[in-house]
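Below you'll find the structure, written out as structure tokens, and then a few comments.
Chain naming here is simple, since letters A, B, ... match the order of the sequence lines and numbering starts at 1 in each.
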Number of protein chains: 2
Amino acid sequence: MPGRRKITLKDVAAAAGVSPTAVSRHVNGRIDLPAETAERIDSAIRRLNYRPNARARHLAMGSTRTLGFITTDIGYPFFAAIASAAEEEVAKSGFSLAVFNSRNHVDRELLFLSKIEDGQLDGALFMTNHVDDGTLRDAINHCGKVVVLDEDVPGAKAPRIFVDNEAGGLIATRHLIAQGHRRIAFVSGPEGMTSSCERFSGFRAALGEAGLVVDPDLVCFGVYEEASGSEAFQQLWRGPIHPTAILATADLLAIGILRATRAAKIKTPRELSVIGFDDMLHMDLLDPPLTAVRQSIHELGRRGARVLLDLLAGTADTDVIERVPVELILRGSVAPPKSAVGPARLVKLAAGGEPR
Amino acid sequence: MPGRRKITLKDVAAAAGVSPTAVSRHVNGRIDLPAETAERIDSAIRRLNYRPNARARHLAMGSTRTLGFITTDIGYPFFAAIASAAEEEVAKSGFSLAVFNSRNHVDRELLFLSKIEDGQLDGALFMTNHVDDGTLRDAINHCGKVVVLDEDVPGAKAPRIFVDNEAGGLIATRHLIAQGHRRIAFVSGPEGMTSSCERFSGFRAALGEAGLVVDPDLVCFGVYEEASGSEAFQQLWRGPIHPTAILATADLLAIGILRATRAAKIKTPRELSVIGFDDMLHMDLLDPPLTAVRQSIHELGRRGARVLLDLLAGTADTDVIERVPVELILRGSVAPPKSAVGPARLVKLAAGGEPR
DNA sequence: CTGAAAGCGCTTACAG
DNA sequence: CTGAAAGCGCTTACAG
């Protein structure tokens, strides 16, 4: 057995008695060789156990066939689900997906984004969770080839895939109102963020429809983390009037709220209804099962990847904005307020006489 | 402004009046230049806005500084948590982590593993969820540079990071026995897998300690998926004797069981106690809160990454096997069997007279 | 210490 | 159609 030197294109060419050019073209299917020649090359490849070197290809082709997935933390089920869908989609096109946890730090986001300039990444799916002061926008505009997912980076010249945030806020709030709630709190992420703003618009619109108005004491902006949900609950409970329901604009916030209600011995949904936003895996098994606005997480990842791939192929423009639909998933964390006679009950009375 | 041609090392060298060699060495910190020269280079870099091309470096250096994370599906919280910890660790050393969802298909696992041979990946963290017929073992031995995580690939010459499976099975079963259970079912993944076997050993050992013996009718092997847990429950409930408790060797199985109990109107834990294995995020919020053997998921990812990094650096050998500890997390999904007087109750009676 | 030159292993415009 | 040769943009052994 010969020395264990790495087999290259050249070796194959020599063994098959053709030029490296021919082998390269054949391997990449960019040529139709006479059957006899093709077979000679193939057999040489098999015999030598040749494997094209990806690094050399990358340099020569000016591409690495790897896309980045930049997010706060892949450890969170919501992001992980998006990453999974994105991976599935990019893999179909022969790309790989590299994940980067920014932990919501701008410097890390910038570092990861810069890998596009390096030529280490062909492009990236980008998710952030804080308000941008323009830094992110500039970085994205500078390196290009990124699509912004789920949360906006205002001013960035990049395709965006969002959820229909306003509709989400709207239908969730309508549901609460239909259940008879009047004192509804809004617990959200950072005030300046697009998701917060849009969901808040939906919230306000639904209140308006019912002739209600937003009570500033019942609105809490924070960050998209569990602890922020717990704090919001505590703040609300210290306040002058307790809400009978809370619309949390993230499951993580809802979970924080649920945790805090337990500590405070508040019964959900009897004393407090809670709606989440995202509908992550297994939210139906919580106690109580979480009613939530479902974002089509899979669709978000899949379409984000698709658009990024199209962008790289030049068949998509940087001004596309897609909205994936939302849907309200009814579960046990919402009930009529204990002190109120909700419309549902009124209807029952009207329709069926004595309720039993 | 000059043409938008990509700035290279050469350009910087020319602008600074030094050789490309000097620039390369300076950039990589492999040289101490006279302050004046260094400054000239640095300023040229800034002025030209030079960014070293990663693809060229990769080819020249024979490394891509990217590690693979090959798993069934990053969308599952358990794997996502491991990936997150691994990413954090490899990022410290300037590596990236690319995730690959095998969906538990051997052909995809092989495809991803082959990226190491390609030179596309410097190495990989590998997790599988099916019994290997030798294919995986051969592939791993052929490409090297992989560390096997959580589940064994027998015969592979690769470092392994496992959980103390046997201890996990043991302490979980002991707990059930201490609560008064005698008819305990064992619901697990594939029969031939190391995790299943080792956890089963612990299970059997604990039964043995209590003078009990394994009842084959109460042992269900399947796959590590939710649906498999549901099926196991149904099978158990069709059987001649119902267990009063189930030890599931994965949270996903426990969740499947929980789902099935709801459909069957079986109350947990009153009519059936359930213990899971993994302790994924938010398992404490389930209804009932899941008692589970906690694997140190973070530790698994972190140490796996560490060992892989060491392996690449040549400071770790392929025969290391690390075991991360397990811990039983007591929560609400376990209670004494309703028909039995458990030791806990006996103790109470003995110690405090009339229980109220 | 410093730099000219070869080399990493492909792809592809270009000439025959 | 086919292949010799240049090029991708770095790193690094080697000679001065």
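- Counting non-hydrogen atoms under 4.0 angstrom, B:Arg25 reaches a base of the nucleic acid.
- Contact of the A:Val320 side chain with the A:Val147 side chain is not registered, since no non-hydrogen atoms from C-beta on lie closer than 4.5 Å.
- A salt bridge between A:Glu299 and A:Arg306 is absent, with no side-chain N of the basic residue lying under 4.0 Å from a carboxylate O of the acidic one.
- In this structure, the CZ atom of A:Arg40 is 11 Å from the P atom of D:dT2, given to the nearest Å.
- Contact annotation: A:Arg30 reaches the phosphate of C:dT12 (side-chain N/O to OP1 or OP2, under 4.0 Å).
- Between A:Asp11 atom CG and C:dG9 atom P the separation is 9 Å, expressed in whole Å.
- The nucleotide D:dA13 finds no pairing partner, because no Watson-Crick or G-U wobble arrangement with both distances shorter than 3.5 Å includes it.
- What separates NE2 of A:His58 from C1' of D:dC10 is a distance of 16 Å, to the nearest Å.
- Comparing B:Pro34 and B:Met61 against DNA chain C, the residue whose closest nucleotide sits nearer the 5' end is B:Pro34.
- The distance between atom CG of B:Leu59 and atom P of D:dT12, rounded to the nearest whole Å, is 12 Å.
- Here the nucleotide nearest the side chain of B:Asn28, chosen from D:dT11, D:dT2, C:dC10, is D:dT11.
- Distance, B:Gln120 CD to C:dC10 P: 13 Å, rounded to whole Å.
- B:Glu109 places a side-chain heavy atom less than 4.5 Å from the side chain of B:Asn104.
- A straight line from CG of A:Asn53 to C1' of D:dG9 spans 15 Å, rounded to a whole angstrom.
- Atom OH in B:Tyr50 sits roughly 8 Å away from atom C1' in D:dG9 (whole-Å rounding).
- Looking at B:Ser19, its side chain has no donor and acceptor atom pair within 3.5 Å of the base of C:dA4.
- Position along DNA chain C of the nearest nucleotide to B:Thr21 versus A:Ala56 favours B:Thr21 as the more 5'-ward residue.
- The nucleotide D:dA4 finds no pairing partner, because no Watson-Crick or G-U wobble arrangement with both distances shorter than 3.5 Å includes it.
- Counting non-hydrogen atoms under 4.0 angstrom, B:Asp32 reaches nothing in the nucleic acid.
- In this structure, the nucleotide among C:dG3, C:dC10, C:dG9 sitting nearest to the side chain of B:Ala22 is C:dG3.
- Backbone-only contact: B:Thr8 has heavy atoms under 4.0 Å from sugar-phosphate atoms and none from a base.
- With hydrogens and angles left out, the side-chain atoms of A:Thr128 and A:His130 include a donor and acceptor closer than 3.5 Å.
- Across the protein-nucleic acid pair, A:Lys10 atom NZ and D:dA4 atom P stand 12 Å apart, rounded to whole Å.
- The residues A:Arg103 and A:Asp73 are annotated as not salt-bridged, no charged nitrogen and carboxylate oxygen being separated by less than 4.0 angstrom.
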